[in-house]
Amino acid sequence: MIVQLLIGALAFAVVAFLYEYSRRNEIALTWWQWGLTILAILYSVFVLEVFVGFLGEGAVQAAVVNGGFTGLFAVIAFVLLGRFVFKKAKEV
């Protein structure tokens, strides 16, 4: 129960950090960029919940394999977001 609350708090903190980062660096994001960001965060929450669920059931090997495989896609999603969405445009 506590782990799920921590995962939710972490997801909220990531959204708050990205909002503050985009505001501070004057990055104007469109609705679809925020939509992709929220989807990536929700997918990461899903991956963490599956990992914690498998650990709670005692299936450590399944948690590591499933968490590693699906977590790879979450890492790739955040790298792409950082590279293409939250990158400050170069001033000409």
Side-chain angles (χ1 to χ4, degrees):
M1 177 69 174
I2 296 295
V3 176
Q4 283 84 7
L5 290 174
L6 290 175
I7 291 171
L10 178 67
F12 179 77
V14 168
V15 170
F17 171 76
L18 291 176
Y19 175 76
E20 184 62 29
Y21 176 80
S22 64
R23 188 184 64 79
R24 185 179 45 227
N25 291 327
E26 298 175 352
I27 301 172
L29 299 178
T30 60
W31 65 270
W32 65 269
Q33 290 170 324
W34 279 114
L36 286 177
T37 303
I38 297 299
L39 281 175
I41 292 170
L42 287 175
Y43 181 72
S44 298
V45 167
F46 168 74
V47 169
L48 289 173
E49 289 291 339
V50 166
F51 183 76
V52 168
F54 275 128
L55 284 180
E57 292 291 326
V60 177
Q61 185 177 5
V64 171
V65 170
N66 197 1
F69 182 70
T70 58
L72 178 66
F73 293 117
V75 169
I76 290 171
F78 276 109
V79 167
L80 291 175
L81 279 174
R83 177 76 174 106
F84 295 113
V85 174
F86 287 98
K87 180 181 176 187
K88 188 172 181 179
K90 292 183 179 180
E91 296 181 16
V92 179

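Shortest non-hydrogen contact noted between A74 and Y43 is N-CE2, 3.7 Å. Here the shortest heavy-atom pairing between A40 and L81 reads CB-CD1, 3.5 Å. Closest heavy-atom contact between I41 and A11: CG2-CB, 3.9 Å. For the residue pair T37 and Q33, the shortest heavy atom distance occurs at OG1-O, 2.8 Å.
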(Q) What verdict does the side chain to side chain contact (heavy atoms under 4.5 Å, CB included) test give for V85 and W34, after you've listed the backbone C-alpha separation in whole Å, the side-chain angles of each residue and the deciding distance to 0.1 Å? (A) CA-CA 9 Å; V85 174; W34 279 114; over 6 Å; no

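In the hydrophobic cluster analysis, where Ile, Leu, Val, Met, Phe, Trp and Tyr join through side-chain heavy atoms closer than 4.5 angstrom, V52 is grouped apart from L72. In the hydrophobic clustering of ILVMFWY residues, with side-chain heavy atoms under 4.5 Å counting as a link, V75 and L39 come out apart. A chain of hydrophobic side-chain contacts below 4.5 Å, direct or via other Ile, Leu, Val, Met, Phe, Trp or Tyr residues, connects L36 to I27. Cluster membership check: V14 does not share its hydrophobic cluster with F51, using side-chain heavy-atom separations under 4.5 Å among Ile, Leu, Val, Met, Phe, Trp and Tyr. If you chain together hydrophobic residues whose side chains sit under 4.5 Å apart, I76 and F84 fall into the same group.
Judged as a side-chain hydrogen bond (donor to acceptor under 3.5 Å, both in side chains), and not counting sequence neighbours, the contacts of W32 are T30.
Applying the side-chain hydrogen bond (donor to acceptor under 3.5 Å, both in side chains) definition to pairs two or more places apart or across chains, none involves residues 54-64. Listed by first then second residue, pairs satisfying side-chain hydrogen bond (donor to acceptor under 3.5 Å, both in side chains) with a partner in residues 6-20 read E20-R23, not counting sequence neighbours.
Taking the side chain as every heavy atom from C-beta outward, L6 and L10 never approach each other to under 4.5 Å. Two residues are said to be in side-chain contact when any heavy atoms from C-beta on lie closer than 4.5 Å; V50 and T70 fail this criterion.
Classification of the F73-F69 ring pair by plane angle, with boundaries at 30° and 60°, yields perpendicular.
For R83, the CZ atom sits in a loose shell: 12 or fewer heavy atoms of surrounding residues, nucleotides or ligands are nearer than 6.0 Å.
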